[in-house]
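Working notes, beginning with the structure itself.
Note that ligands are numbered from 1 as they come in the structure, with each ligand's atoms numbered from 1 the same way.
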Amino acid sequence: MSDVYAEPTTGTFQDGPAALARYTTLRLGGPAARLETATSAAEIVQKVQEAEARDERVLILSGGSNVVIGDQGFPGTVVLIRSRGFQVIAEDPDTVTVRVEAGERWDDLVAATIERGWSGLECLSGVPGSAGATPIQNVGAYGQEVAETITAVEAYDRTHGEIVRIAAADCGFAYRGSIFKYSDRWVVLSVDFRLARSPLSTPVRYAELARALGVEVGDRVPLADARATVLRLRAGKGMVLDADDPDTWSVGSFFTNPVLEREAYELLRERAADLGEPPSWPGAGDVVKISAAWLIDKAGFGKGHPGPEGVAISSKHTLALTNRSGTAHTAALIALAREIRDAVHDRFAVTLHPEPVLINCTI
Ligand SMILES: Cc1cc2nc3c(=O)[nH]c(=O)nc-3n(C[C@H](O)[C@H](O)[C@H](O)COP(=O)(O)OP(=O)(O)OC[C@H]3O[C@@H](n4cnc5c(N)ncnc54)[C@H](O)[C@@H]3O)c2cc1C
């Protein structure tokens, strides 16, 4: 399994060794005007302030697993977040609260909490990237979201030039979103998670995971079993980074699952009448969440569907767009994403939105 997060990805890139492609799981992205590495919260703030003093744009880059960077690269300072570690800041007989440095590798943290018998992150095993990026899009998988365990985020507020603590209730957590996503204002320095002291997982909510564990939805299982099963399920879908598996050279899901008002949902059902019932989940209020993978597949883009320059839909998961040649340009990936988005819209009148943050490129 590769650690593209801690070290630059190795390989031959279309744009040469200076390219930001080395720091992204898609292996895409042109050069940065300036690249700085920050290994502590103080250094992160310092590097950002220095770039601001030079009147340069700033891009915060951690694991590079949720960004699509354009072929032109970034015309400013890229600050690579490489602060590490976590500490217990509060505990009682039932819970423990840990403060995690932004650059801590997420899956290392999850593994460490499971070893210690702390419950709450186990279903998020195998998600690439850093702890500090998890609040950005409220990372979620297999029925858990970080919004359930985050109590506060410490961030550098670039608007006011000060370090602030933002309580979870003020983070605006939503499905794959928060106040931090698409905003340059906050640089996350550390994140506090409150976890239960328990050898058992939180109740399993995701039907596929329950089936794989041989339990009912709502049951709890030993933490290590939850982790092992999630990792196995994810690996089968190319959702665990693997340097030898081009199906994982992606940003995970490229599109979010569309959330439709009731009227739009009924329109979709009409348009899809010949295809059976579109898979859906009830959303908050009178909205319905639809499977983006189903829409893409039914619009004619199956697993492995090729695009230009050797980009392709993953052969293991319809939602992942991959740079499987390892030498493509961002423009090629974007071309494939556009083709899919437009075809889904033509067929179902539903607009797909990208899940990753697009930098100096757009679909
Ligand atoms: C194979 C694969 C599977 C994935 N599976 C999932 C999944 O199951 N669920 C899920 O939710 N996501 C998933 N993802 C997406 C991704 O792993 C997560 O979104 C992750 O949290 C991104 O972390 P990162 O450190 O790589 O962020 P980056 O890609 O470096 O950055 C993403 C965005 O956050 C910003 N950012 C990063 N760090 C900070 C910081 N400290 N302060 C302020 N802004 C910051 C960046 O500027 C950028 O806008 C997957 C990705 C891949 C490649």
| Which segment of Ile136 sits under 4.0 Å of ligand 1 when only heavy atoms are counted | side chain
| message | Would you compute the distance between atom CD of Glu52 and atom OG1 of Thr77 and round it to the nearest 0.5 angstrom? | response | 10.0 Å
| query | Are Val146 and Val204 grouped together when hydrophobic residues (ILVMFWY) are joined by side-chain heavy atoms under 4.5 angstrom apart? | reply | no
| message | Can you tell me which portion of Val357 lies within the under-4.0 Å heavy-atom range of ligand 1? Options are side chain, backbone, both, or neither. | response | side chain
| request: Only pairs at least two apart or in different chains count here, so list each side-chain hydrogen bond (donor to acceptor under 3.5 Å, both in side chains) that has a residue in residues 293-303. | output: none
| request: Output yes when the distance from some N or O of ligand 1 to some N or O of Thr248 is under 3.5 Å, and no in every other case. | output: no
| message | Would Gly63 count as a polar contact of ligand 1, with the cut-off being nitrogen or oxygen pairs under 3.5 Å? | response | yes
| message | Evaluate Val139 for polar contact with ligand 1, using N/O atom pairs at a separation under 3.5 Å. | response | no
| For ligand 1, is there an atom lying under 4.0 Å from some heavy atom of Arg234? | yes
| field | Salt bridge Arg227-Asp107, side-chain N to carboxylate O under 4.0 Å | value | yes
| message | Checking the N or O distance criterion of under 3.5 Å, is ligand 1 in contact with Pro128? | response | yes
| note | The atoms of ligand 1 lying under 4.0 Å from a heavy atom of Val187, numbered in the order shown, are 42 (N), 43 (C)
| Distance-only, no hydrogens or angles: does the Arg347 side chain make a donor-acceptor pair with backbone N or O of Arg271 under 3.5 Å? | yes
| request: State whether the shortest distance between N or O atoms of Thr25 and N or O atoms of ligand 1 falls below 3.5 angstrom. | output: no
| note | In ligand 1, the atoms that come under 4.0 Å of a heavy atom of Gly252 are 2 (C), 3 (C), 4 (C), 50 (C), 51 (C), 52 (C), 53 (C)
| request: State plainly whether the residues Arg82 and Glu43 are in salt-bridge range, i.e. N to O under 4.0 Å. | output: no
| said: With respect to Val188, determine whether any N or O atom, backbone or side chain, lies less than 3.5 Å from an N or O atom of ligand 1. | reply: yes
| request: Over 60° means perpendicular and under 30° means parallel, so classify the ring planes of Trp106 and Phe193, tilted if in between. | output: tilted
| task | Provide the number and element of each atom of ligand 1 under 4.0 Å from a heavy atom of Val67. | result | 29 (O), 31 (O), 32 (C), 48 (C)
| Just which atoms of ligand 1 are under 4.0 Å from any heavy atom in Ala141? | 8 (O)
| task | Using a strict 4.0 Å cut-off to heavy atoms of Ser130, name the atoms of ligand 1 that fall inside it. | result | 23 (O), 24 (P), 25 (O)
| field | Proximal ligand 1 atoms for Met239, defined as those under 4.0 Å from one of its heavy atoms | value | 1 (C), 3 (C)
| field | Gly129-ligand 1 polar pair, N/O distance under 3.5 Å | value | no
| Enumerated ligand 1 atoms positioned under 4.0 Å from heavy atoms of Ala133 | 21 (O), 22 (C), 23 (O), 24 (P), 25 (O), 27 (O), 37 (C), 38 (N)
| message | Using 0.5 Å steps for rounding, measure from the CD1 atom of Ile44 to the OG1 atom of Thr37. | response | 11.0 Å
| said: Can you name the atoms of ligand 1, numbered from 1 with element, that are less than 4.0 Å from a heavy atom of Trp186? | reply: 43 (C)
| said: Does ligand 1 come near enough to Gln137 that some N or O of the ligand is less than 3.5 Å from an N or O of the residue? | reply: yes
| field | Presence of salt bridge, Glu208 and Arg211, under 4.0 angstrom | value | no
| remark: Separation between CD (Glu104) and OG (Ser83), nearest 0.5 Å, reads 8.5 Å
| field | By salt bridge (charged side-chain N to carboxylate O under 4.0 Å, His left out) - contacts of Glu148 (at least two apart) | value | Arg205
| Based purely on interatomic distance, does Asn66 place a nitrogen or oxygen under 3.5 Å from a nitrogen or oxygen of ligand 1? | yes
| Has Glu216 got more than 12 heavy atoms of other residues, nucleotides or ligands less than 6.0 Å from its CD? | no
| task | Report yes if the side chains of Gln137 and Arg176 come closer than 4.5 Å at any heavy-atom pair, otherwise no. | result | yes
| message | Counting only heavy atoms closer than 4.0 Å, does ligand 1 sit against the backbone of Leu189, its side chain, both, or neither? | response | neither
